[in-house]
Q: 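Take a look at the following structure, please.
In what follows, chains are A, B, ... by sequence order, proteins preceding strands, each numbered from 1.
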Protein chains: 2
Amino acid sequence: MSRKIDPRIKRTKRLFKDALISLIQENYDKSKLTVQTIAERAELNRATFYLHYRDIDDLMEQTINEILEELHETMKGSSEDAHSQKGSSRLVSFLEHFYRNAGLYKVMLENKEFRKRVFAILLDIVTYWSDYRKMKGRSFNVPNEIVAASVLGIVSWWLEEGTPYSPTYLTNFIVERFK
Amino acid sequence: MSRKIDPRIKRTKRLFKDALISLIQENYDKSKLTVQTIAERAELNRATFYLHYRDIDDLMEQTINEILEELHETMKGSSEDAHSQKGSSRLVSFLEHFYRNAGLYKVMLENKEFRKRVFAILLDIVTYWSDYRKMKGRSFNVPNEIVAASVLGIVSWWLEEGTPYSPTYLTNFIVERFK
DNA sequence: TTGTTTAATTGATACCGTGTCAATAAAATA
DNA sequence: TATTTTATTGACACGGTATCAATTAAACAA
């Protein structure tokens, strides 16, 4: 029963994840992404890959988990700051995180599983926001799911277009639509 | 200069497209979709595939074109019917077409190119709708692109959830958000 | 520091899908 | 019916996958 993780494993997994992310951000054709290419980029042996991952989907899944953990961390901070009184403040920090990592998220959002996870986070944000409005007697007149789906659509488009608006400006547009 | 298309070509291409669509609708893992499998399903020889298509993406592209032509045909009809006075009537016939072919569209919308094309159609609908509202002095307060992206997000979610609302009911939700 | 344990590398392997080809069979056309 | 075009067949080289045993390298514990 080893208490600490072998630093070699930690390093290797980090190198593979970084390799995947860098290839994704270069808009490397996803259908042509091979274990070979990833191993080359990571400067590790191809066989080493199989010591840690079943296949590329497995690596992808673990990488997604890591990225979303980071997103959660970012969001956690924002719900404690001064703006947290406004219902839409969490949306701003959500968008800011996407803005900072636009190249990555743009491609990652093509992944169905990733989209589902992001949708769940958005639904959380919308529900929080909805409760805030309910408190003020200004409930949404559509289900939270539809609001969340709508926001996800807008965010996808925003990334696809190269983030043409700032996170706060985009938030205004989104909020505007729910007046 | 042959005036008519050889019926064998027509038949072969139809068989390949039908095979692709049936595999897609069975939710066949897209990353595992091979020319072999498609040819087997079409009950044609694998080499025949290469007489008509460069690769699977090529077949996909041609299939997408065919499906979207059908969508355009459906929409064309609706802009001439009695409801065409209302700005949102085209949206209803759009959603009805998606409702009828939900299994197919649900998966097809994962394709980036397909999504782009559907977005363009939605932008068209929204622009038409927006002009109608402008005429009545009730302009949207957000860019048409954002409205279209929002609707695309809602439609994707709606298909993903197994079309929980009827096309007209969903239209009400969407329209509701722009009062 | 040394011996033990664990991880990474290397070279080999069988397997599967790709894309292309020449030869042949089958169907359409005039 | 003769000619043209399409589809089939079996073969091929190529490249990526997933796994293996043997070896080298790094980490850990005493």
Q: A/N45: which residues meet the side-chain contact (heavy atoms from CB on, under 4.5 Å) condition with it, sequence neighbours left out?
A: A/A47, A/T48
Q: Hydrogens and angles aside, do B/Q62 and B/K13 bring a side-chain donor and acceptor to less than 3.5 Å of each other?
A: yes
Q: Provide, to the nearest angstrom, the distance between the CD atom belonging to B/E40 and the P atom belonging to D/dT8.
A: 14 Å
Q: In whole angstroms, how far is the P atom of D/dT6 from the CG atom of B/L51?
A: 9 Å
Q: Would you mind checking if A/E70 and A/R100 are paired as a salt bridge, meaning a charged N to carboxylate O distance below 4.0 Å?
A: no
Q: May I ask you to decide if the ring planes of A/Y99 and A/W158 are parallel, tilted or perpendicular, using 30° and 60° as cut-offs?
A: parallel
Q: Between B/L44 (CG) and C/dA26 (P), how many Å, whole number?
A: 16 Å
Q: For B/Y128 and B/Y132, I'd like to know if the aromatic rings sit close, meaning centre-to-centre distance below 6.0 Å.
A: no
Q: With no hydrogens and no angle check, just 3.5 Å: does a side-chain donor-acceptor pair link A/T37 and A/T34?
A: yes
Q: Whole-Å distance between D/dA11 C1' and B/N45 CG?
A: 13 Å
Q: If a protein heavy atom is under 4.0 Å from the base, mark B; if only from the sugar-phosphate, S; if neither, -; do that for nucleotides 16-29 of chain D going 5' to 3'.
A: SBBBB----BBSS-
Q: Could you tell me the separation between the CG atom of B/L59 and the C1' atom of C/dG19, rounded to a whole number of Å?
A: 16 Å
